[in-house]
Amino acid sequence: MFKINTDYAMTISGDAVVTENRLPVFNPATKEVIAEVPNCTREQCESAISSARKAFASWSKADLSWRQAAVKALGQALEDRAEEFMALLTREQGKPRPGAEWEILGSAHWLKTIATQSLADEVVLDTEERRVVTRYTPVGVVGAIVPWNFPLLLAVWKIAPALVAGCTVVMKPSPYTPLCDLKFAELAADFLPPGVLNCVSGGDDLGRWITASPEVNKIAFTGSTETGRHVMRSAADTIKRLTLELGGNDPAIVLPDVDPKEIAPKLFWAAFQNNAQFCNAAKRLYIHESVYDDVRDALVNYIRTEVKVGDGSEPDTTLGPIQNSMQYEKVKEFFNDCRENGYRFACGGEIDDSAKGWFVPVTLVDNPPESSRIVQEEPFGPILPLLKWSDEGDVIERANDTIYGLAATVWGKDLDALQRIGTQIEAGTVWLNEVHQYSPEQAFGGHKQSGLGCENSLHGLAEYTNRQTITLNKIGG
Ligand code: NAD
């Protein structure tokens, strides 16, 4: 059992491992250093990988029911410690309580549910002469590399199926948000044999060592499309299996029959949940021209009356800060670009650099050109372009005119129109009149340059396996 404090260690072969050289971790709401974590050395990284390799020999052969029970127990232990993890998540990531609750209890739910999943052998043929069976065998050692926006949930989306499938794991949190992940691995050491789940903390180099290692069989990665390309190149040398969950530029299409006041809060949360530091944030809001002004004004009214940006640990905060200074600077560039090009802000627009934390005001950009940076790129912060549309074919084309294909939403009362438009969007998930509905049973993954493969569901579980076909000639031999 552990107490949450600033004494953070890596978990390698079930042991707590520290380093002389440590990395600072900040509270983004105050810019204060709240902890220091180990900066993994190359030898320690190799030791984590070889301990995972060693543990694979027995873990992969252990009874499925035993592995499932261990993952389920870990989920329960996380749920039992949820309060501590939620508080820690808010401190390191910045998200207010409801978001922290969703992520931590969600992680526990995912662990417990994925623990019920399995992939049965497929009997392809069974005659008097021949039997052909396809089995799902674990791929081996998995490198799980995660970003800073949902540090624990996106780690669990990899760890839970990997362990159930019979793989062992070396996980690497983002250097910006390693605390919950390190504590989670520490907690897991009570439920898993040594080496089955290792957690190492460090910078981007550590990620490169993991992706380049010939001892790692698969990389499960969530992060930016740019880093995803590096991961894919690095994996090529040893033909590693890959699951890539990358960036997005999700369109939201608003039909003419919406009630502007009723839809505004839903559109707000579609775009600004997790302070828009969300791969699946609605990042381009296409509003039919007949309701454009009313929807824009209802959104502005909702933001002015209902939304408070602040320290996530304060109970009345709706949106927290930007998670780190690198991202804060990146988001500022989008504000500057809009200002320099003379785009109109419907609300927000001014960043106060003297604020205590990395705070950015919720900002709506009023109908900028389709070619503008704010429409074409992923800001990953609370600045959203509102765009007008009039022709259905044209708005579908604009929605699809991107290298990304992660998700999309369509909003309106005409259910036929929702289906008609939704099925023409090139994206891994299309939500109609809802958003951010995920489930351990539902496949999630990007089309185009938003990713490769998927997470969750039996399809996601299968990504931690190789297919092995065994044929038997019953009358031969
Ligand atoms: P990032 O790509 O900068 O970093 C992600 C992780 O990769 C970090 O742990 C980082 O240390 C590591 N890393 C960096 N360079 C590496 C390299 N060359 N080799 C191996 N590992 C390396 O992403 P981020 O800024 O942490 O996260 C934001 C991005 O993630 C956004 O683009 C967002 O859309 C995307 N994202 C996607 C999903 C999804 O499911 N598709 C979910 C969340 C975030």
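The figures that follow rest on heavy atoms only: side chains count, while hydrogens, waters and symmetry mates do not. Because the structure is predicted, anything quoted here is derived from the model rather than measured. Every number for a ligand or one of its atoms is a count from 1 in the order of the listing. The first residue of the sequence shown is numbered 1, and numbering continues consecutively from there.
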Problem set entry | Option set Y438, F380, F444, W157, criterion heavy-atom distance to atom 28 (C) of ligand 1, minimum |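 Looking at heavy atoms only, F380 sits closest to atom 28 (C) of ligand 1.
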Problem set entry | Geometric cation-pi criterion R373 and F334, 6.0 Å radius, 45° cone |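 Geometry flag: set, cation within 6.0 Å and 45°.
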Problem set entry | Y286 six-ring centre to K388 NZ/CZ under 6.0 Å and within 45° of normal |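 Output no; distance or angle outside limits.
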Starting from [atom], which protein heavy atom do you reach first, and at what distance in Å?
| atom | result |
| --- | --- |
| atom 44 (C) of ligand 1 | N149 ND2, 3.3 Å |
| atom 27 (O) of ligand 1 | P147 CB, 3.4 Å |
| atom 3 (O) of ligand 1 | T227 OG1, 3.9 Å |
| atom 8 (C) of ligand 1 | V146 O, 3.4 Å |

For this session: Could you tell me whether the side chain of E441 reaches within less than 4.5 Å of the side chain of S457, counting heavy atoms only?
Result: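 Of all side-chain heavy-atom pairs linking E441 with S457, none is under 4.5 Å.
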Is the closest N or O pair between [X] and ligand 1 shorter than 3.5 Å?
| X | result |
| --- | --- |
| E378 | yes |
| S224 | yes |
| L246 | yes |
| D204 | yes |
| F221 | no |
| K283 | no |
| G223 | yes |

At less than 4.0 angstrom from any non-hydrogen atom of [X], what atoms of ligand 1 do you find?
| X | answer |
| --- | --- |
| T222 | 5 (C), 36 (N), 37 (C), 38 (C), 39 (C), 40 (O), 42 (C), 43 (C), 44 (C) |
| G247 | 32 (O), 34 (O) |
| G207 | 19 (N), 20 (C), 21 (N) |

Exercise. Is the distance between the ring centroids of Y438 and W110 less than 6.0 Å?
Worked result: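 No, too far apart.
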Problem set entry | Passing candidate, side-chain contact (heavy atoms from CB on, under 4.5 Å) with L384, options I374, V362, L285, V365 |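 Testing each of I374, V362, L285, V365 against L384, the sole residue satisfying side-chain contact (heavy atoms from CB on, under 4.5 Å) is L285.
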